[in-house]
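The basis for the numbers below is simple: all heavy atoms, side chains too, and nothing from hydrogens, waters or symmetry mates.
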Amino acid sequence: MSPHVLILGGTAEARELAAALAPRSGVRVTTSLAGRVTRPGALPGEVRVGGFGGAAGLAGWLRERRVDALVDATHPFAETITANAARAAAETGVPAVVLRRPGWRPGPGDRWHPVASLAAAADLLPRFGPRVLLTTGRLGLSAFAHLTDRHFVVRSVEPPEPPLPPHTEVLLARGPFTVADESALLRENLIDVLVTKDSGGAATAAKLTAARESGLPVVVVRRPPLPDGVTAVPDVAGVLERLGLGPA
């Protein structure tokens with residue numbers, strides 16, 4: 001029987017991994033999407049959409065569908081899904097790999113302020129000017145809703161979920177973005193401070209360069225820690241090596 005690989009997806013790395021696995025003779029690949037993005041685009045191999053019902057539900061799915069390997073390629077901040085995947089893999093004995101792009105690192109001239117959560121980022125904002133570019137995604141913006149004296153420019157791929165801060169402009173856009181575009185965005189909106197998650201990757205890194213060149217502070221929400229005993233590999237080649245499938 002062909003080995004069955006389940007990818008918990010939603011990231012560019014998950015798409016790259018599916019594209020590397022699907023053409024391989026004797027390999028069956030299924031990518032699971034949470035369903036939060038309305039137009040995820042075509043994916044090679046099989047695709048399922050929706051949750052599993054926690055760790056127990058995922059463990060049942062792994063057994064029922066005879067999954068031979070589980071790859072968690074979800075967003076670095078998908079803390080609950082990653083924890084459920086680790087528990088399900090341990091319960092079923094299915095080999096598991098976490099695929100995580102490397103996080104960003106500050107360089108010379110950066111004015112980064114690392115924090116542990118969105119709430120901590122909100123607590124820090126009164127230290128800076130009143131106009132905030134918020135690029136932390138569409139979820140969790142309730143952490144900023146009490147800041148009535150700040151003006152937020154919120155950029156996300158999908159419309160953000162309320163409650164939102166009372167003074168908010170929403171920009172719907174998907175990366176990659178250029179440094180020139182990001183610099184213009186900061187300048188035209190008179191931004192005083194940028195708030196972002198440490199998502200990593202090149203698609204949205206230009207805003208960090210633009211902030212550095214503009215001398216702006218950046219509040220960076222650190223990634224949640226991986227579950228105990230879980231380590232991550234940074235790229236698709238590392239996953240293929242772990243799965244014993246050789247180079248892409």
Side-chain angles (χ1 to χ4, degrees), residues 4-22 28-65 67 69-92 94 96-101 103 117-118 134-143 154-164 170 172-176 196-201 203-204 221-227 230 232-234 236 239:
H4 186 189
V5 180
L6 173 64
I7 303 171
L8 304 181
T11 61
E13 291 77 19
R15 185 177 298 274
E16 181 184 351
L17 178 60
L21 288 174
R28 176 186 171 198
V29 57
T30 301
T31 300
S32 177
L33 304 175
R36 289 175 176 168
V37 177
T38 55
R39 295 184 299 276
L43 279 163
E46 301 174 31
V47 178
R48 71 172 301 278
V49 177
F52 290 95
L58 176 54
W61 202 93
L62 295 176
R63 293 191 186 98
E64 177 186 347
R65 303 303 175 94
V67 172
L70 170 63
V71 181
D72 174 6
T74 56
H75 192 276
F77 285 83
E79 188 173 7
T80 299
I81 299 173
T82 293
N84 287 342
R87 286 195 293 269
E91 180 182 333
T92 59
V94 172
V97 182
V98 175
L99 172 57
R100 287 286 186 278
R101 72 190 75 149
S117 65
L118 292 176
L134 194 57
T135 64
T136 57
R138 70 184 186 89
L139 302 176
L141 301 191
S142 59
V154 174
R155 184 173 69 192
S156 63
V157 175
E158 301 274 336
E161 290 191 359
L164 303 177
V170 175
L172 299 181
R174 183 191 298 270
T196 187
K197 290 179 176 178
D198 180 18
S199 299
T204 59
V221 181
R222 294 189 294 264
R223 297 177 175 189
L226 291 169
V230 175
V233 296
V236 167
V239 173

Taking T92 for the side chain and A59 for the main chain, is one N or O donor matched with an acceptor at less than 3.5 Å? no
I want to check something: taking the side chain as every heavy atom from C-beta on, are F52 and S32 in contact at a cut-off of under 4.5 Å? yes
With heavy-atom distances below 4.5 Å as the criterion, would you say the side chains of V154 and R138 are in contact? no
Backbone N or O of D198 within a donor-acceptor pair of the R223 side chain at under 3.5 Å? yes
T11 (side chain) donor-acceptor with A14 (main chain) under 3.5 angstrom: yes
Under the salt bridge (charged side-chain N to carboxylate O under 4.0 Å, His left out) rule, what pairs show up with a residue in residues 76-91, not counting sequence neighbours? R63-E91
Measure the shortest side-chain to side-chain distance between L21 and I7 over non-hydrogen atoms and say whether it is less than 4.5 angstrom. yes
Partners meeting ring-ring contact (aromatic ring centres under 6.0 Å, His included) with H4 (sequence neighbours left out): none
What's the separation between atom CG in L139 and atom CZ in F77, rounded to the nearest 0.5 Å? 12.5 Å
Side-chain contact, heavy-atom cut-off 4.5 Å: V94 with L6? no
Taking 4.0 angstrom as the limit, do E13 and R101 come out as a salt bridge? yes
Quick one: are W61 and T30 in side-chain contact, heavy atoms under 4.5 Å? yes
Min side-chain heavy-atom separation L43-R15 under 4.5 Å: yes
Side chains of T135 and T204: closer than 4.5 Å at any heavy-atom pair? no
I'd like to check V170 versus P160 (side-chain heavy atoms, cut-off strictly below 4.5 Å). Are they in contact? yes
Measure the CG-CD1 distance between L58 and I81 for me, rounded to the nearest 0.5 Å. 10.0 Å
Please list all pairs passing the salt bridge (charged side-chain N to carboxylate O under 4.0 Å, His left out) test where one or both residues lie in residues 47-56, with sequence neighbours left out. none
Run R100 and D72 through side chain to side chain contact (heavy atoms under 4.5 Å, CB included) and show every step you take. CA-CA 8 Å; R100 287 286 186 278; D72 174 6; 3.5 Å; yes
